[in-house]
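To start, the structure under review is shown below, and the notes come after it.
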Amino acid sequence: MNEILTGAIVAIYFVIGMFFLRFWRTTSDRFFLLFSVSFLIEGVNRILMGTWSHEMEVSPVFYLLRFLSFSLIIVAILDKNRSRDK
């Protein structure tokens with residue numbers, strides 16, 4: 001059951017990433033590109049978590065990927081708000 005749920009979560013992350021990528025291609029706004037990359041990184045992170053053993057889930061690699069993903073979201077939001085102030 002865990003494998004099915006992990007597969008569904010990965011699929012959703014990739015669908016959301018492609019969704020934002022489509023908006024980036026039409027608008028050329030960095031906000032959508034950074035969100036797309038963030039969700040694609042989360043999808044890769046979930047694939048790695050699903051294929052490695054449960055003992056490896058506490059590995060710093062997973063936390064670094066999550067940190068990178070969430071950092072990209074924060075940078076995208078700050079960048080969008082900063083560019084609006086100008």
Sequence neighbours excluded - side-chain hydrogen bond (donor to acceptor under 3.5 Å, both in side chains) pairs with any residue from residues 31-41: S38-S69

Test log, rule side-chain contact (heavy atoms from CB on, under 4.5 Å), inputs V37 and L21: CA-CA 8 Å; V37 171; L21 190 63; over 6 Å; no

For F14, all residues meeting ring-ring contact (aromatic ring centres under 6.0 Å, His included), sequence neighbours excluded: none

Distance, nearest 0.5 Å, that separates CG of L68 from CG of N45: 10.0 Å

side-chain hydrogen bond (donor to acceptor under 3.5 Å, both in side chains) pairs, two or more places apart, involving residues 8-29: D29-K80

CG-CD1 distance between L34 and I74, expressed to the nearest 0.5 angstrom: 12.0 Å

Atom pair CZ/CZ of R30 and F35 - distance to nearest 0.5 Å: 14.0 Å

Contact check, side chains of L65 and L48, non-hydrogen atoms, under 4.5 Å: yes

4.5 Å side-chain heavy-atom contact, D79 and F31: no

Path from F19 to F32 over hydrophobic side-chain contacts below 4.5 Å: yes

Distance in Å, I9 CD1 paired with M49 CE, rounded so as to fall on 0.5 Å steps: 9.0 Å

Rounded distance [0.5 Å steps], CZ in F70 versus OH in Y63: 12.0 Å

Interatomic distance, L5 atom CG to R46 atom CZ [nearest 0.5 angstrom]: 11.0 Å

Heavy-atom side-chain contact between M18 and L40 under 4.5 Å: yes

